Amino acid sequence: MAERETWATRLGFILAAVGSAVGLGNIWQFPFKTATTGGSAFVFVYLVAALVIGLPAILGEFVVGRRANINAIEAFDRLKHPAWTVVGALGLLTGLWILSYYSVVGGWVIRYIAGSATGAYFAAPADYFARVSMGWEAIAFHAAFMALTASIVAFGIEDGIEKATKLMVPSIVVILVGLAAYAFTLDGAAAAYSYYLSPDFDYIAANLESIVPFAVGQAFFSLSLGMGAMITYASYLGEVDSLPADGSLIVVLNTFVGLLAGLVVIPLLFVQFDGIPDTAAGGGPGALFVSVASALADLGAAGQALGVVFFGVVLIAALSSAISLLEVVTSYLVDNYGASRPTVAFGFAGGLFAVGSLSAWNTAWLGWFDDLAYSVLLPLSVLLGVVFVGWVYGPEAVDELKKGTGGGETFATAWLWSIRTFVLLGVFVTLYLGVSSIFPAPDIPLPAI
Ligand code: PFF
């Protein structure tokens with residue numbers, strides 16, 4: 001068997017992990033879920049979740065991946081706990097489930113690169129979005145996104161993934177900062193900042209049950225947790241790297257990009273609509289596209305060029321995340337059955353294209369796929385992973401986390417206890433609330449006494 005590749009440099013791993021984390025979840029989804037799920041209250045719960053649950057959980061996936069040095073499915077076998085392969089398998093399924101509709105949104109982004117070049121969406125941004133987000137056109141662009149993803153995965157890890165990600169993070173930050181600064185200068189933006197950034201704790205307390213599943217689910221989605229992606233990437237990692245250092249950097253960067261995207265989208269929506277419009281007018285999944293479109297339209301010809309660059313960079317962010325989803329199943333079949341990379345990558349991409357076409361045909365499907373991913377699949381998958389790392393693998397996990405940190409015993413032990421206690425509890429509560437929101441308890445009247 002050929003020796004397994006490892007990352008050429010530590011930077012290679014960080015870039016790829018950041019590439020997986022930073023994507024449509026941050027740029028497209030975070031701002032629109034914030035807009036529709038309570039504004040600053042959502043942001044507050046999200047931040048707490050990313051730090052208190054997300055960071056320990058991502059370290060758990062790194063530990064499993066690096067220790068096992070193999071794809072997410074076989075990892076548990078390698079660690080001598082074959083029954084827990086179910087975690088890898090559920091992650092793989094969840095990842096494929098998500099990729100099916102993620103690709104539809106990726107298709108919209110490609111559509112908007114073309115639309116920017118011609119200024120097609122300038123005149124009526126919300127109508128344009130309504131037209132291109134569903135139907136045959138959306139299916140065609142979804143196919144294009146899936147084909148691009150499969151082509152990159154087919155080239156193999158170093159060629160495809162490391163290179164694609166290098167430019168993406170700095171460019172996305174520069175462009176988002178520029179757009180956020182522009183939004184800041186507009187009349188009417190002030191109300192947006194208070195909606196977005198000043199949490200009302202009474203409101204949070206009163207609505208916690210409905211905010212938690214979205215905000216914590218968003219943290220998982222955004223950090224690429226519960227899908228085997230981080231396990232798979234960490235499996236290419238050498239022993240000298242410090243997992244806590246890498247993990248913290250990834251969480252911070254990822255959160256930063258999401259917040260920045262919100263600083264663009266939410267003020268732009270407020271300026272244009274005097275608040276958050278309803279979904280049909282661009283307040284839902286169309287928020288990024290509709291809000292940025294109007295800002296670009298104000299810039300005239302320069303807006304066309306900037307639009308191509310902006311959506312171009314968003315496309316790279318989306319691709320580097322989609323790649324990590326497809327990589328999970330590909331590395332499994334390649335490692336295990338000696339399958340050919342291109343065959344697996346294109347084969348699965350074809351299947352996912354078919355399933356995702358439902359979401360491209362009608363965004364109601366997209367919403368349904370997304371709800372199920374957030375409320376059930378992601379928290380369930382993360383929960384099982386956390387139970388495994390905390391209570392089954394325990395001391396060995398501590399041992400692995402310490403490597404490359406030059407000591408780090410206290411940190412690693414504290415980490416294990418966090419996983420065993422409040423991280424586990426937090427994920428469990430999230431799953432419980434998520435499941436009850438999807439399958440509400442039947443409304444049975446109490447018998448009269
Ligand atoms: N984290 C990515 C984003 O925020 O867009 C999406 C994602 C990629 C989720 C890879 C899961 C994953 F395994």
Side-chain angles (χ1 to χ4, degrees), residues 15-34 46 49-50 54 57-58 61-62 64-65 71-73 87-106 108-109 145-146 149 152-153 161 164-165 168-169 172 176 214-235 247 250-251 253-262 285 288 313-332 348 352 356 366 369-370 372-374 377-382 385:
L15 280 173
V18 167
S20 167
V22 172
L24 296 171
N26 313 59
I27 305 168
W28 161 70
Q29 202 160 34
F30 177 78
F32 103 70
K33 297 243 160 140
T34 299
Y46 171 83
I58 205 171
E61 294 206 0
F62 286 174
V64 170
N71 62 76
I73 311 292
V87 179
L90 182 62
L92 184 139
L93 260 177
T94 307
L96 294 177
W97 178 273
I98 288 179
L99 186 53
S100 76
Y101 66 88
Y102 199 84
S103 165
V104 173
V105 183
W108 297 346
V109 175
F145 184 87
M146 209 48 116
T149 306
I152 302 176
V153 170
I161 302 174
T165 317
M168 183 272 288
V169 175
I172 199 77
L176 286 176
F214 285 108
V216 184
Q218 176 71 33
F220 295 158
F221 187 99
S222 181
L223 285 169
S224 302
L225 290 175
M227 281 163 272
M230 291 300 178
I231 296 182
T232 301
Y233 275 9
S235 75
I250 291 160
V251 171
L253 256 175
N254 183 59
T255 308
F256 176 68
V257 175
L259 287 175
L260 208 51
L288 170 74
V313 175
V314 175
L315 177 63
I316 298 174
L319 280 172
S320 58
S321 300
I323 290 162
S324 70
L325 289 169
L326 194 57
E327 177 64 25
V328 178
V329 66
T330 306
S331 63
Y332 169 59
F348 272 85
L352 291 173
L366 195 153
F369 271 80
D370 192 40
L372 204 77
Y374 266 73
L377 295 174
L378 279 172
L380 180 62
S381 175
V382 174

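Every value quoted in this text rests on a predicted model; they were computed, and no experiment measured them. Remember, it's 1-based here, ligands and their atoms both numbered in the order they're listed.
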If we only count heavy atoms from C-beta on, is the [X] to [Y] side-chain gap below 4.5 Å?
X    : Y    : result
L288 : P31  : no
K33  : W28  : no
L96  : L325 : no
I27  : L260 : no
M227 : S381 : no

Near-ring test F220/Y374, centroid separation under 6.0 angstrom
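Ring-ring flag for Y374/F220: false, centres at least 6.0 Å apart.
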Residues in the immediate environment of ligand 1 (any heavy atom closer than 4.0 angstrom):
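Answer by chain and number: S20, A21, G23, L24, G25, N26, Y102, F221, S222, S224, M227, A229, S321, S324, L325.
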